[in-house]
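Read through the structure below, which is laid out as structure tokens, and then see the notes.
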Amino acid sequence: MSAANVKQLCESTRDKLKLVIKQMESFLNEYSLAKLTEEDQEMTEFYQGYLSDMRHLLVFSEVSYEALGVALRRATFDVDFGEKALYDVYHRCVNSFYYPKNECYSEDGRYAYTGQDAIRFSKKPIRLAREIILELSKVYEELREDLTYYESDYLTQRRMQNQKV
């Protein structure tokens, strides 16, 4: 991929991460475990996992946002560093969103082409907890589409370059 394309992809990815970071921080600053479970104490375990996954996703997104910022602030854009940062966004952020450790929600691919939300929750969360995930899914879906190259082709390219040397 050309340096200009990688740089542009780094910029757009960083902008998208900034958006999701702001949304997650706002949600996590307002909602605690006690606030989420005040109406239904039986959901405590669900919300513990949910909040844990959100905090991990926030940290991964912030680290990737900073790495992209470093790549973009360099005097001369380092394509390898930029591609590595994009690879990390895909494997840390996008995968962490779609495959959360506590499995409070998951993506059901059968709904991806129907115009319905493809995210399915293991239990029914409060409206705001559901809405934040659905909002984030729109941005992470764009990131997944933008960065599909970095799912496997990037590593294959790196391996082939190392064999030539």
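Only heavy atoms go into these numbers, but all of them, side chains included; no hydrogens, no water, no symmetry mates. Please read these numbers as outputs of a predicted model, since none were measured by experiment.
Under the 4.5 Å side-chain heavy-atom criterion for Ile, Leu, Val, Met, Phe, Trp and Tyr, Phe97 and Ile21 are members of the same hydrophobic cluster. There is a path of hydrophobic side-chain contacts, each under 4.5 Å, that joins Leu147 to Val79. Using a 4.5 Å cut-off between side-chain heavy atoms of Ile, Leu, Val, Met, Phe, Trp and Tyr, with links allowed through other members, Met54 and Leu134 fall into the same hydrophobic cluster. By the criterion of side-chain heavy atoms lying less than 4.5 angstrom apart, applied directly or through intervening Ile, Leu, Val, Met, Phe, Trp or Tyr residues, Tyr99 is grouped together with Tyr87 in one hydrophobic cluster. Residues Val63 and Val94 fall into different hydrophobic clusters, defined by Ile, Leu, Val, Met, Phe, Trp and Tyr side chains chained together at heavy-atom separations under 4.5 Å.
The nearest pair of heavy atoms linking Asn102 to Gly49 is ND2-O, 3.2 Å. When all heavy atoms of Cys93 and Leu57 are compared, the pair lying nearest together is O-CD1, 3.4 Å. Between Cys104 and Tyr50, the shortest heavy-atom contact is SG-N, 3.3 Å. When all heavy atoms of Glu103 and Ser122 are compared, the closest pair comes out as O-OG, 3.7 Å. The two residues Asp53 and Lys101 have their closest heavy-atom pair at OD1-N, 3.4 Å. Across all non-hydrogen atoms, the minimal contact from Pro125 to Arg130 is CG-CB, 4.0 Å.
Leu17 is listed as a side-chain neighbour of Ser64, based on a closest heavy-atom distance under 4.5 Å. Here the side chains of Met24 and Val20 are in contact, with some heavy-atom distance below 4.5 Å. No side-chain heavy atom of Leu143 sits under 4.5 Å from any side-chain heavy atom of Tyr90. With contacts defined as side-chain heavy-atom distances shorter than 4.5 Å, the pair Glu25/Glu62 qualifies. Using a 4.5 Å cut-off on side-chain heavy atoms (C-beta onward), Met43 and Gln48 make no contact.
Gln8 CD: 12 or fewer foreign heavy atoms inside a 6.0 Å radius. Taking a 6.0 Å sphere around NZ of Lys35, one finds it holds more than 12 heavy atoms contributed by other residues, nucleotides or ligands. Within a 6.0 Å radius of CD in Glu45, other residues, nucleotides and ligands contribute 12 heavy atoms or fewer.
Counted by atom type alone, Ser61 and Tyr140 present one or more donor-acceptor pairs between their side chains at under 3.5 Å. Side-chain contact, Tyr98 with Glu141: a donor N or O sits under 3.5 Å from an acceptor N or O.
Here the straight-line distance linking atom CG of Leu33 with atom CD of Glu38 works out to 11.0 Å at 0.5 Å rounding. Put simply, CD on Gln23 and CD1 on Ile133 are 10.5 Å apart, with the number rounded to the nearest 0.5 Å. Note that the CG atom of Leu51 and the CG atom of Leu28 stand 6.5 Å from one another [nearest 0.5 Å]. Taking OG1 of Thr37 as the reference point, atom CD of Glu42 lies at 11.5 Å (rounded to 0.5 Å). Put simply, NZ on Lys123 and CG on Asp40 are 8.5 Å apart, with the number rounded to the nearest 0.5 Å. The structure places CD of Glu30 at 10.0 Å from CG of Leu36, a figure rounded to the nearest 0.5 Å.
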Steps toward side chain to side chain contact (heavy atoms under 4.5 Å, CB included) verdict (Phe77, Val6): CA-CA 9 Å; Phe77 184 74; Val6 174; 3.7 Å; yes
Steps toward side chain to side chain contact (heavy atoms under 4.5 Å, CB included) verdict (Ser106, Ile119): CA-CA 6 Å; Ser106 61; Ile119 301 294; over 6 Å; no
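Remark: Lys84 is not positioned above the aromatic ring of Phe81, lacking an NZ or CZ atom under 6.0 angstrom from the ring centre and at most 45 degrees off the axis.
Ring geometry for Phe121 against Tyr105 counts as tilted: the plane angle lies between 30° and 60°, on a 0 to 90° scale.
The existence of a salt bridge linking Glu135 and Lys138 is confirmed by a sub-4.0 Å separation between a basic side-chain nitrogen and an acidic carboxylate oxygen. Salt bridge absent: Glu11 and Lys16 never bring a charged side-chain N and a carboxylate O closer than 4.0 Å.
Listed by chain and residue number, nothing satisfies the ring pair (Phe, Tyr, Trp, His ring centres under 6.0 Å) test with Tyr47 (two or more places apart in sequence, or in another chain).
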